[in-house]
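Here's the structure we're looking at; comments come further down.
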Amino acid sequence: MSLKVYNTLTRTKEEFLPLEEGEVGMYVCGVTAYDECHLGHARAYVAFDVIRRYLEYKGYQVNHIQNFTDVDDKIIARARKMREKSSEKDLKELCKEVAEKYTMEYFEHMDKLTVKRATQYPRATEHIGEMIKLTEGLIRKGYGYQVDGDVFFEIGKFKDYGKLSQRKLEEMRAGVRVEMDERKRSPLDFALWKRSKEDEPSWDSPWGRGRPGWHIECSAMSMKYLGESFDIHAGGQDLIFPHHENEIAQSEGYTGKPFVRYWLHNGFVTINREKMSKSLGNFFTLREIFEKYDSRVVRLFFLSTHYRKPIDFSDDKLAKAKAGLERIENCLREVERKELREPAARTYRGSIYRTRFEEAMDDDFNTAAALGAIFDLVSRVNSCLEKGDLSSVSKAAPELRDFCQVLGLSLESGQEVRLEEDLVKLIKEREKARQKKDWARADAIRTKLREEGIILEDRPQGATWRRAE
RNA sequence: GGCGGCGUAGCCAAGGGGACCAAGGCAGCGGUCUGCAAAACCGCAAUUCGUGAGUUCGAAUCUCACCGUCGCCUCCA
């Protein structure tokens with residue numbers, strides 16, 4: 001079976017063939033560290049995490065690079081606000097603090113969502129030299145031009161400009177909404193290097209003190225860590241234009257080589273069918289979301305829709321994802337009770353479930369269809385448990401864990417958690433009451449425990465409990 | 001104005017010319033189990049895939065038109 005991926009560059013699904021056999025270079029556009037992460041970030045990074053995990057499942061060694069933008073207008077704006085309150089610190093110091101704070105928060109939230117750590121996380125400010133070198137090269141090759149301390153990229157010089165977003169230059173000019181900077185040769189020319197104001201973070205360059213433009217960092221860092229041509233470049237659909245279009249122009253203009261083989265873009269999170277965004281005021285931060293929902297539920301919610309499609313968020317949908325997650329967990333918990341826990345070795349291949357799972361994932365990482373296979377496998381395991389066919393269970397259960405692991409669904413085993421002393425006493429008391437057929441007492445205890453978040457299930461061997469969550 | 005996506009049961013969602021009188025989940029209904037539950041199991045539930053026309057032996061799947069909806073064209077995952 002061959003893996004097919006949808007390439008934004010060609011607008012088709014293509015067979016995935018990396019440059020080096022057995023290895024994949026993958027660059028994911030990271031966050032600008034100026035504010036808390038929201039649901040949209042979570043969706044993107046969960047999507048690319050699953051892609052990375054599946055590539056690893058297929059046997060590839062994945063070199064996953066993800067940047068942090070730690071110098072930018074918005075970070076500076078944030079730092080300026082902070083300075084209004086505590087004026088003793090200088091702006092550069094505050095910019096660093098802002099970036100550091102939100103970088104750490106990013107990790108905190110992504111860990112909750114079980115997003116694997118990238119191989120490396122390069123920061124823009126640590127690669128100023130590389131960016132200056134790229135900019136110099138672009139000027140030398142006639143793509144860049146300097147105007148009093150600013151350097152712009154002249155898009156008219158790059159013949160393929162617009163190939164990713166599939167736009168023609170003439171069309172774009174017609175729709176330009178940006179105010180014209182008189183010093184630019186075309187309104188669509190973009191900054192490679194920006195002259196900076198006195199108090200802003202700045203670095204020495206051949207064009208004076210300044211800081212890099214936004215797009216250049218991704219060209220510089222991706223090529224530094226993955227080479228001038230590499231396999232996968234990923235990000236949100238909103239980055240297609242102008243960010244990724246500009247990256248192609250810079251990188252290919254500089255190297256004369258194809259920059260990226262496969263461009264992958266995830267769809268947006270919407271709230272009530274509208275794009276979630278700060279300007280609309282309808283966004284949810286991950287901090288808010290995790291106060292209400294288990295992060296595993298959030299992850300399953302994302303996986304229930306193909307990563308390129310928009311996904312609409314609502315409490316109701318999260319509640320449904322939660323019910324689905326419980327179905328999988330109840331199944332695995334039951335397997336453990338039967339002491340059938342086995343290492344999730346991939347020894348049992350070729351089942352119809354694995355075929356379906358792989359076919360789904362091979363088809364541009366169709367996690368929604370893959371979940372179909374997972375739920376069918378859950379039904380199969382439950383059914384075998386019911387019939388007492390434990391040899392089938394011991395074959396199917398490791399497979400189920402294996403699939404969940406590929407999707408990054410870390411499931412609770414349910415057994416390692418201890419119950420508080422007084423609650424254990426109550427359960428024992430209830431057992432006695434049940435033996436005496438004192439149903440009123442037994443039910444009262446069950447209700448009380450339910451209020452404590454403990455769900456009791458009576459079984460032939462006695463009652464078992466699990467946390468509600 | 002230009003470009004692109006989407007519209008499948010009550011809700012979510014996969015499928016994208018014949019194996020589909022359409023996966024899977026949630027909710028619902030009937031049954032089994034249970035003191036009653038919970039969990040689980042068994043079964044039921046779209047004769048139909050936004051609307052209309054067309055291509056085809058055959059269409060949810062292709063073409064055209066229309067309606068609805070969302071996004072990009074400015075920072076954005």
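Residue numbering restarts at 1 for every chain, and letters A, B, ... go by the order of the sequence lines.
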Taking atom [atom1] in both [N] and [M], compute the distance separating them and give it to the nearest angstrom.
{"N": "A9(B)", "M": "U47(B)", "atom1": "P", "result": "10 Å"}
{"N": "G68(B)", "M": "U56(B)", "atom1": "C1'", "result": "29 Å"}
{"N": "G54(B)", "M": "C44(B)", "atom1": "P", "result": "37 Å"}
{"N": "G43(B)", "M": "C26(B)", "atom1": "P", "result": "16 Å"}
{"N": "C67(B)", "M": "A53(B)", "atom1": "C1'", "result": "15 Å"}
{"N": "G71(B)", "M": "G16(B)", "atom1": "P", "result": "27 Å"}
{"N": "G10(B)", "M": "C73(B)", "atom1": "C1'", "result": "38 Å"}
{"N": "U69(B)", "M": "C62(B)", "atom1": "C1'", "result": "23 Å"}

- Task: Hey, which sits more toward the 5' end of RNA chain B by its nearest nucleotide, His38(A) or Glu334(A)?
- Result: Glu334(A)

From [options], nucleotide with atom closest to [X] side chain:
{"X": "Ala323(A)", "options": "A77(B), C26(B), G4(B)", "result": "C26(B)"}
{"X": "Glu274(A)", "options": "A40(B), C72(B), G71(B)", "result": "G71(B)"}
{"X": "Arg356(A)", "options": "A77(B), A23(B), A37(B)", "result": "A23(B)"}

Does [X] reach a base, just sugar-phosphate, or nothing at all? Heavy atoms under 4.0 Å.
{"X": "Gly40(A)", "result": "base"}
{"X": "Leu456(A)", "result": "base"}
{"X": "Arg430(A)", "result": "base"}
{"X": "Asp458(A)", "result": "base"}
{"X": "Val269(A)", "result": "base"}
{"X": "Gln237(A)", "result": "nothing"}
{"X": "Ser379(A)", "result": "sugar-phosphate"}
{"X": "Phe268(A)", "result": "base"}
{"X": "Ser277(A)", "result": "nothing"}

Partner lookup for [N], please. Criteria are Watson-Crick or G-U wobble with both distances under 3.5 angstrom; report none if nothing qualifies.
{"N": "G18(B)", "answer": "C57(B)"}
{"N": "A9(B)", "answer": "none"}
{"N": "U74(B)", "answer": "none"}
{"N": "U32(B)", "answer": "A40(B)"}
{"N": "U51(B)", "answer": "A65(B)"}

Looking at [N], I'd like to know if its phosphate oxygens (OP1 or OP2) sit under 4.0 Å from a side-chain N or O belonging to [X].
{"X": "Asn382(A)", "N": "C41(B)", "result": "yes"}
{"X": "Arg327(A)", "N": "C41(B)", "result": "yes"}
{"X": "Lys168(A)", "N": "C73(B)", "result": "no"}

- Looking only at heavy atoms, the pair that brings Val381(A) and Ala396(A) closest together is CG2-CB, 3.7 Å

- Note on the structure: Between Glu399(A) and Ser351(A) the two heavy atoms that sit nearest each other are OE2-OG, 2.7 Å

- Is there a donor-acceptor pair closer than 3.5 Å between any side-chain N or O of Asp150(A) and the backbone N or O of Arg195(A)? yes

- Query: For Lys4(A), does its backbone N or O pair with a side-chain atom of Glu15(A) as donor and acceptor, under 3.5 Å?
  - Reply: no

Rounded distance (Å) that lies between atom [atom2] of [N] and atom [atom1] of [X]:
{"X": "Asp438(A)", "N": "C36(B)", "atom1": "CG", "atom2": "P", "result": "16 Å"}
{"X": "Arg446(A)", "N": "A38(B)", "atom1": "CZ", "atom2": "P", "result": "8 Å"}
{"X": "Leu371(A)", "N": "C26(B)", "atom1": "CG", "atom2": "C1'", "result": "13 Å"}
{"X": "Leu188(A)", "N": "C75(B)", "atom1": "CG", "atom2": "C1'", "result": "15 Å"}
{"X": "Leu239(A)", "N": "C75(B)", "atom1": "CG", "atom2": "C1'", "result": "10 Å"}
{"X": "Leu318(A)", "N": "A27(B)", "atom1": "CG", "atom2": "C1'", "result": "16 Å"}
{"X": "Glu359(A)", "N": "G24(B)", "atom1": "CD", "atom2": "P", "result": "16 Å"}
{"X": "His41(A)", "N": "A77(B)", "atom1": "NE2", "atom2": "C1'", "result": "5 Å"}

Any N/O donor-acceptor pair, [X] side-chain to [N] base, under 3.5 Å:
{"X": "Arg466(A)", "N": "A39(B)", "result": "no"}
{"X": "Asp238(A)", "N": "G71(B)", "result": "no"}
{"X": "Arg380(A)", "N": "C41(B)", "result": "no"}

- Using the six-membered ring for Trp and the full ring for Phe, Tyr or His, decide whether Trp439(A) stacks on the six-membered base ring of G35(B) (centres under 5.5 Å, planes under 30°). yes

- Message: With no hydrogens and no angle check, just 3.5 Å: does a side-chain donor-acceptor pair link Thr447(A) and Glu451(A)?
- Response: no

- Between Phe48(A) and Tyr307(A), how do the two ring planes meet: parallel, tilted or perpendicular, split at 30° and 60°? perpendicular

- Report the relative orientation of the aromatic rings in Tyr54(A) and Phe365(A); use parallel for angles under 30°, tilted for 30 to 60°, perpendicular for over 60°. perpendicular

- Message: The test is side chain to side chain contact (heavy atoms under 4.5 Å, CB included); show your working for Tyr293(A) and Phe301(A) and say whether it passes.
- Response: CA-CA 11 Å; Tyr293(A) 304 102; Phe301(A) 165 68; over 6 Å; no

- If we only count heavy atoms from C-beta on, is the Glu288(A) to Thr285(A) side-chain gap below 4.5 Å? yes

- Flag side-chain contact, heavy atom, 4.5 Å: Pro122(A) against Tyr225(A): yes

- With sequence neighbours excluded, tell me which residues meet side-chain hydrogen bond (donor to acceptor under 3.5 Å, both in side chains) with Ser196(A). none

Can you give me the N/O atom pairs linking the protein to nucleotides 11-15 of chain B at distances under 3.5 Å, or say none if there are none?
unit_1: C11(B); atom_1: O2'; unit_2: Lys320(A); atom_2: NZ; d: 3.0
unit_1: C11(B); atom_1: O2; unit_2: Lys320(A); atom_2: NZ; d: 3.3
unit_1: C12(B); atom_1: OP1; unit_2: Arg273(A); atom_2: NH2; d: 3.1
unit_1: A14(B); atom_1: OP1; unit_2: His306(A); atom_2: N; d: 3.0
unit_1: A14(B); atom_1: OP2; unit_2: Lys309(A); atom_2: NZ; d: 2.9
unit_1: A14(B); atom_1: O3'; unit_2: Asn366(A); atom_2: ND2; d: 2.6
unit_1: G15(B); atom_1: OP1; unit_2: Asn366(A); atom_2: ND2; d: 2.5

